[in-house]
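Beneath this line is the structure, given in structure tokens, with notes to follow.
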2 protein chains.
Amino acid sequence: MPVRVLLVDDEPLVRAGLRAVLEAQPDIEVAGEAADGAAVIPLVRQLRPDVVAMDVRMPLLDGIEATRALLRTVAEPPKILVVTTFENDEYVYEALRAGADGFLLKRARPAEIVHAVRLIAEGESLLFPASVRQLAAEYGEGRGNRAVRAELERARLTEREAEVLRLMARGLSNAEIAARLVVGTETVKSHVSAVLAKLGARDRTQAVITAYESGFVAPG
Amino acid sequence: MPVRVLLVDDEPLVRAGLRAVLEAQPDIEVAGEAADGAAVIPLVRQLRPDVVAMDVRMPLLDGIEATRALLRTVAEPPKILVVTTFENDEYVYEALRAGADGFLLKRARPAEIVHAVRLIAEGESLLFPASVRQLAAEYGEGRGNRAVRAELERARLTEREAEVLRLMARGLSNAEIAARLVVGTETVKSHVSAVLAKLGARDRTQAVITAYESGFVAPG
DNA sequence: GCCCGCCTCCCCCGCCCGGGGGAGACGCTC
DNA sequence: GAGCGTCTCCCCCGGGCGGGGGAGGCGGGC
């Protein structure tokens, strides 16, 4: 029986690359893809993959939160392989603490990627290679610096913010959203600003685009 | 005869992704790969590709210098498609000034990537695609709410307006669209107003929503 | 020739939007 | 109790946005 892998990355190109590399192996199979951490849990329930190749930075729900959510809510969770671009990514250590089983750089050679997936699937831990060990030393146990924490909060929308984003994605103005939620327009502005900041969007249009591109809202 | 493409990117994963996407097309062929701009010139001489898909940021020789060197030293240079991660990358415009024929975001959908390579190969500039309607048809195929799409069809956007709507749906401001199309901001405002009127949208956000709902642009 | 659609650019103007602050109330955890 | 996060509301302020006009050039169709 082949190792079944779920790919989670917001860039279609990276997903295609991982798919190409992994499906070239007879003993590895790509079970599915997701463009954001928010889509992971239902997909895992549906597909029951052995391994989730999880990007760290994603627009709505990042790899850390998705990992936490997955391990918290799914009975027999898959192994989680964190895939990242940056060697010194502050996220990596957090993701591993959140329960990920290993991490992999995107610039790794195909053979390394394949090797990593096989090891993870077998239950081996790819934890704490040299660079990560260094990170662990730098950032110490619970005393994360402010920058890291701020970054961590960046991608996680609160319930209210998600609600506001949904209404933004239906074309409502701040005043209309305020009326709908029975709050003041200033309140809506606060939520909108928070959404823009967390999504890295410059204006509501870019936020709505992100909502569509991530699958947070679906057309039709 | 297929379009022959040379892939230049320092990340093997991205190369694998591009290869997977492009080789799925019968009329496109990957002639070779390079991991750095420094390797491009001899490879172009040896392989004679039609198109070079060139990353901007590379460790030894970046895409800008590689483009300049290519156009300076090779007799009949291939078309150069700049591939980048960041939308607002200043390097992109520098690369275009250096003589690149177009640029493409890594987060682009496979259909867009394929389309871009074909257009570039045909000698079209990707900054000014000639038939936006064709794009709309391609992306709208089988997708989207039929009623909304019919409305969009009835609206009969001009080519320029469709182009502007496409850029709006990528999150660009009026000033950015003006820069991209090399026209004045007042001109863009005219087009945007026309688009809003024809789509019955109150603001650009609603217009972008209509674009998604109609399949004029598609997520993922 | 004339009209019309398209693309281009210009004016003025109102206003919503988004950034920068701050602050109080509530609930939760430690 | 102290601290934190969330939700709520407030201030000021600049700038982008969109409406409503107009206008010139250019091509095609009548």
Side-chain angles (χ1 to χ4, degrees), chain A residues 61 64-65 68 72 141-210, chain B residues 88 127-133 154-210:
Chain A
L61 191 68
I64 299 159
E65 288 301 331
R68 286 206 190 95
R72 195 172 56 235
E141 270 316 292
R143 53 186 271 243
N145 71 35
R146 222 173 314 156
V148 175
R149 237 199 277 283
E151 281 284 69
L152 283 179
E153 289 309 316
R154 190 179 57 85
R156 211 182 100 262
L157 299 184
T158 68
E159 256 182 57
R160 203 55 157 169
E161 288 160 0
E163 204 173 355
V164 168
L165 177 55
R166 266 181 230 110
L167 295 176
M168 288 165 67
R170 290 172 61 172
L172 275 63
S173 67
N174 288 341
E176 288 167 343
I177 294 174
R180 185 73 65 93
L181 299 182
V182 198
V183 296
T185 56
E186 295 300 327
T187 302
V188 174
K189 286 179 61 177
S190 293
H191 292 316
V192 170
S193 291
V195 168
L196 297 185
K198 290 182 177 179
L199 265 48
R202 185 182 49 200
D203 50 47
R204 66 202 299 110
T205 303
Q206 287 189 353
V208 169
I209 291 170
T210 300
Chain B
N88 293 329
L127 301 179
F128 315 97
S131 79
V132 180
R133 236 171 256 287
R154 207 179 330 113
R156 301 228 181 277
L157 297 185
T158 69
E159 208 149 307
R160 204 52 157 171
E161 288 160 359
E163 173 72 11
V164 168
L165 177 56
R166 245 187 76 250
L167 295 175
M168 287 164 67
R170 300 188 84 73
L172 274 66
S173 68
N174 288 340
E176 287 167 343
I177 294 174
R180 190 72 63 89
L181 299 182
V182 197
V183 296
T185 56
E186 294 300 326
T187 301
V188 174
K189 285 180 63 178
S190 293
H191 292 315
V192 169
S193 291
V195 169
L196 297 186
K198 289 184 178 180
L199 297 186
R202 183 181 51 199
D203 51 47
R204 65 204 297 110
T205 304
Q206 287 189 353
V208 169
I209 291 169
T210 300

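In what follows, chains are A, B, ... by sequence order, proteins preceding strands, each numbered from 1. It should be emphasised that the depicted structure is a prediction, and the values quoted were computed from it without experimental measurement.
- A salt bridge does not link A:Arg170 to A:Glu176: none of the charged side-chain nitrogens sits closer than 4.0 Å to a carboxylate oxygen.
- Using a distance-only test at 3.5 Å, with no hydrogens or angles considered, a donor-acceptor pair links the side chain of B:Arg202 to the main chain of A:Gly171.
- Atoms NZ and CG, on A:Lys189 and A:Leu196 in that order, are 12.0 Å from each other to the nearest 0.5 Å.
- Counting non-hydrogen atoms under 4.0 angstrom, B:Thr187 reaches a base of the nucleic acid.
- Rounded to a whole Å, the CD atom of B:Glu176 is 11 Å from the P atom of D:dG16.
- Atom CG in A:Leu181 sits roughly 15 Å away from atom C1' in D:dT6 (whole-Å rounding).
- Per the geometry, CZ belonging to B:Arg204 stands 11 Å off P belonging to D:dG19, to the nearest Å.
- For B:Val183, counting side-chain heavy atoms from C-beta on, the closest listed nucleotide (D:dG18, D:dT8, C:dC9) is C:dC9.
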Kindly indicate, with the supporting measurements, whether the criterion salt bridge (Lys or Arg N to Asp or Glu O under 4.0 Å) is fulfilled by B:Arg160 and B:Glu163.
-> CA-CA 5 Å; B:Arg160 204 52 157 171; B:Glu163 173 72 11; 5.8 Å; no
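- Within the 4.5 Å cutoff, the side chain of A:Val188 has no heavy atoms near those of the A:Leu167 side chain.
- Regarding A:Lys189, its NZ atom lies at a distance of 12 Å from the C1' atom of C:dG21, rounded to whole Å.
- Among the protein residues, B:Ser173 comes within range of the sugar-phosphate backbone only, with heavy atoms under 4.0 Å from sugar or phosphate atoms but none that close to a base.
- In this structure, B:Arg202 does not reach the D:dG18 phosphate: none of its side-chain N or O atoms is under 4.0 Å from OP1 or OP2.
- Look at CG on A:Leu165: it is 14 Å from P on D:dC7, rounded to the nearest Å.
- At the phosphate of D:dG16, neither OP1 nor OP2 sits under 4.0 Å from any side-chain N or O atom of B:Asn174.
- Nearest nucleotide to the side chain of B:Arg160, out of C:dC9, D:dC17, C:dC7: C:dC7.
- Atom pair A:Asp203:CG and D:dG18:P shows a separation of 10 Å (rounding to whole Å applied).
- The nearest heavy atom of DNA chain D to B:Ser193 and to A:His191 marks one nucleotide each, and the one closer to the 5' end goes with A:His191.
- When the P atom of C:dG19 is taken as reference, atom CD of A:Glu186 falls 14 Å away, rounded to whole Å.
- Here the side chain of B:Ser190 is nearest to one of C:dC10, C:dC17, D:dC10, namely C:dC10.
- The CD-P distance, from B:Gln206 to D:dG18, rounds to 10 Å in whole Å.
- Among the nucleotides D:dG18, C:dC7, C:dG18, the one closest to any side-chain atom of B:Glu159 is C:dC7.
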